[in-house]
Protein chains: 2
Amino acid sequence: MILSKTTEYALNVLSFMATRNKEMYPAEFLYKELKIPRQYLRRLLTDLSKKGFITSIRGRNGGFVFSRDLSSINFAQVIEAMEGQEAMKTCLLGFTACIIDHPCVMHDLWTEARSKMIETLTNTSLADLKNKYEMDKDTIAQLNNSLIH
Amino acid sequence: MILSKTTEYALNVLSFMATRNKEMYPAEFLYKELKIPRQYLRRLLTDLSKKGFITSIRGRNGGFVFSRDLSSINFAQVIEAMEGQEAMKTCLLGFTACIIDHPCVMHDLWTEARSKMIETLTNTSLADLKNKYEMDKDTIAQLNNSLIH
DNA sequence: TTAAATTACTACAAAATGGTAGCATTTACA
DNA sequence: TGTAAATGCTACCATTTTGTAGTAATTTAA
């Protein structure tokens with residue numbers, strides 16, 4: 001029910017980057033925006049680039065950019081990359097070992113709810129997130145507009 | 001996505017106790033059945049009794065018994081008791097802080113999948129678990145039976 | 001009334017996770 | 001070509017979670 005803080009950070013970073021229209025995100029900028037501990041964030045960014053979500057560009061004017069299309073990155077992938085493959089494959093609640101003498105009763109019980117959740121995480125890409133974000137912005141702008149007129 | 005090991009242990013213990021028809025479960029018996037580290041299990045049992053799910057009976061022939069009806073204990077309650085009230089109330093993925101300048105986009109995204117999950121956890125009591133367990137046993141028995149005849 | 005079987009408590013050890021500091025390396029640009 | 005702005009790496013520290021050991025207290029039954 002609870003992702004590790006690191007995974008939470010990763011999702012925050014990536015969704016922040018996905019919804020802003022910048023070319024380049026230096027660690028220091030993300031640090032100021034997201035308030036994730038500076039050095040820990042740096043490590044996380046390096047990690048995310050090793051995992052292929054973003055690319056690091058060293059040197060002056062460097063930073064991090066997405067290394068693939070936003071539509072090709074979904075939330076399940078990110079969680080899996082951070083928490084290990086097991087996380088998404090085993091029971092949502094983390095039951096790895098069934099009670100020995102019978103098929104794990106718990107497993108069945110929420111198989112449906114579980115697969116729904118995984119489905120949502122798999123079907124939602126960073127591109128979807130971005131679209132939703134822009135739509136929300138538009139809606140708010142229109143609301144303001146209509147209030148003024 | 002991942003409950004703490006301790007919460008996992010708690011669910012294992014309680015569901016084991018719920019599906020067996022014993023009056024009393026001494027720690028040592030549960031230890032042998034469930035292979036949860038002995039001393040850690042003892043602490044967990046004391047903790048579960050302080051939290052009102054089970055009652056401890058000290059002294060010879062002592063052990064642990066459910067302190068209320070199985071139908072009054074659901075999985076959400078157990079998880080909440082172990083992980084803290086926040087766990088079930090905040091976003092399923094643990095997002096506590098929304099990005100400052102706009103309502104957290106992520107929150108909306110899987111609100112539905114999330115509430116489905118919580119619904120299932122809330123609607124499933126230890127009594128339901130037990131019923132399912134007995135039904136499964138019957139089904140298997142009948143299958144064996146029909147294979148013999 | 002004493003021994004055995006049990007839980008309660010306390011203190012500590014080990015492992016995992018989260019966080020910090022500092023220096024090395026790379027790159028752009030004045 | 002040197003300096004500033006950036007990431008990479010390594011080693012360490014702090015905190016939280018998980019696991020262990022031993023002793024005290026409680027209860028039953030021989």
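Every chain is numbered from 1 and lettered A, B, ... according to where its sequence line falls, protein lines coming before strand lines. Heavy atoms only: backbone and side chains are in, while hydrogens, waters and symmetry mates are out.
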* Can you label the angle between the B:Y25 ring and the B:F16 ring as parallel, tilted or perpendicular, going by 30° and 60°? => perpendicular
Starting at atom [atom1] of [X], determine the distance to atom [atom2] of [N], rounded to an integer number of angstrom.
X: B:I36; N: D:dT17; atom1: CD1; atom2: P; answer: 18 Å
X: B:M82; N: D:dT18; atom1: CE; atom2: P; answer: 9 Å
X: A:R38; N: D:dT7; atom1: CZ; atom2: P; answer: 12 Å
X: A:F64; N: D:dA5; atom1: CZ; atom2: P; answer: 17 Å
X: B:L44; N: D:dT17; atom1: CG; atom2: P; answer: 15 Å
X: B:Y9; N: D:dT17; atom1: OH; atom2: P; answer: 15 Å
X: A:R43; N: C:dC23; atom1: CZ; atom2: C1'; answer: 16 Å
X: B:R58; N: D:dA29; atom1: CZ; atom2: C1'; answer: 18 Å

Among [options], the one nearest [X] by side-chain distance:
X: A:R60; options: C:dG19, D:dG8, D:dT3; result: D:dT3
X: A:T6; options: C:dG18, D:dT18, D:dT20; result: C:dG18
X: A:K5; options: D:dG19, C:dG18, C:dA21; result: C:dG18
X: A:P26; options: D:dT7, C:dT20, C:dA5; result: D:dT7
X: A:Q39; options: C:dG19, D:dT28, C:dG22; result: C:dG22
X: B:T46; options: D:dT7, C:dA28, C:dA8; result: C:dA8
X: B:R42; options: C:dA8, C:dT6, C:dT20; result: C:dA8
X: A:N61; options: D:dG19, C:dC29, D:dG8; result: C:dC29

* Is any side-chain N or O of A:K50 closer than 4.0 Å to OP1 or OP2 of D:dC9? -> yes
* Pick base, sugar-phosphate or nothing for B:L45, based on heavy-atom distances below 4.0 Å to the nucleic acid. => nothing
* At under 4.0 Å between heavy atoms, what does B:G62 touch on the DNA or RNA strands: base, sugar-phosphate, or nothing? -> sugar-phosphate
What distance separates [X] [atom1] from [Y] [atom2], expressed to the nearest 0.5 Å?
X: B:I73; Y: B:R68; atom1: CD1; atom2: CZ; result: 4.5 Å
X: A:M82; Y: A:L11; atom1: CE; atom2: CG; result: 8.5 Å
X: A:N131; Y: A:E134; atom1: CG; atom2: CD; result: 7.0 Å

* When the nearest nucleotide of DNA chain C is assigned to A:L41 and to B:Y25 on a heavy-atom basis, which residue is associated with the more 5' position? -> B:Y25
* **Backbone N/O of B:F64 and side chain of B:S56: donor-acceptor pair under 3.5 Å** => no
